[in-house]
Amino acid sequence: MTGLAVLLVTLALATLTGVALRRRAVPRDTGGGRRGDMGRLTSEQLAVELGERATLVQFSSAFCQPCRATRRILAEVAGMVPGVAHVEIDAEARLDLVRALNILRTPTVLVLDGSGRVVRRASGQPRKADVIGALGLAVGD
């Protein structure tokens with residue numbers, strides 16, 4: 001009887017751990033106003049020119065598989081809308097920005113409007129439809 005109770009408790013803990021890990025792995029909108037959110041970024045801070053209408057900023061790392069797919073999605077969306085730029089930043093090379101923006105994982109995508117204001121932030125591989133929706137907020141059309 002004791003063995004059965006131990007087994008049930010172990011299964012319950014394993015299930016809760018699995019659910020918690022799964023929730024962390026799902027791409028999610030992390031919103032604005034979080035600790036470390038700078039609110040507005042400049043071309044000097046990013047060391048690249050911002051898009052005229054909006055900028056898709058992607059933080060990546062060398063061995064991040066979802067970063068490759070995210071790169072393709074963001075480049076495709078940026079190519080669809082005139083005045084939108086896609087910027088990929090190596091998180092390991094720009095630890096100053098990673099810390100300032102509280103980037104916790106890669107890929108993390110920031111959507112900036114024409115003035116550099118962060119209008120949307122998400123971590124994990126985004127869906128194309130979500131990127132287009134967030135870009136609509138930034139462009140305002």
Would a single hydrophobic cluster contain both [Y] and [X], if residues Ile, Leu, Val, Met, Phe, Trp and Tyr are joined by side-chain heavy-atom contacts under 4.5 Å?
X	Y	answer
Ile132	Val119	yes
Ile73	Leu137	no
Val48	Leu112	yes

Considering only heavy atoms from C-beta outward, does the side chain of [X] approach that of [Y] to under 4.5 Å?
X	Y	answer
Asp130	Val109	no
Val84	Val77	no
Arg71	His86	yes
Leu97	Ile103	no
Leu41	Leu101	yes
Leu56	Val87	no

Minimum heavy-atom distance between [X] and [Y], given as atom pair plus value:
X	Y	answer
Leu50	Ala85	C-CB, 4.5 Å
Val111	Ala138	CG1-CB, 3.8 Å
Glu92	Ala62	OE2-N, 3.8 Å
Pro66	Pro107	CB-CD, 3.9 Å
Ser43	Glu49	CB-CA, 4.1 Å

Donor-acceptor pair, side chain of Glu88 and main chain of Ser60, under 3.5 angstrom |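 No, because the side chain of Glu88 does not come within donor-acceptor range (under 3.5 Å) of the backbone of Ser60.
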
Return yes if some donor-acceptor pair links the side-chain N/O of Arg120 with the main-chain N/O of Leu135 below 3.5 Å, else return no.
->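 Flag not set: sc Arg120 to bb Leu135 has no pair under 3.5 Å.
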
Approximate separation, where rounding is to 0.5 Å, of [X] [atom1] and [Y] [atom2]:
X	Y	atom1	atom2	result
Arg40	Ser115	CZ	OG	3.5 Å
Arg72	Gln125	CZ	CD	8.0 Å
Arg53	Asp113	CZ	CG	12.0 Å

Would you check, one step at a time, whether the test side-chain contact (heavy atoms from CB on, under 4.5 Å) holds for Leu110 with Ile89?
-> CA-CA 11 Å; Leu110 305 177; Ile89 296 175; over 6 Å; no

Using a strict cut-off of less than 4.0 Å between a Lys/Arg side-chain nitrogen and an Asp/Glu carboxylate oxygen, indicate whether Asp96 and Arg94 qualify as a salt bridge.
->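 The answer is yes: the pair qualifies as a salt bridge.
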
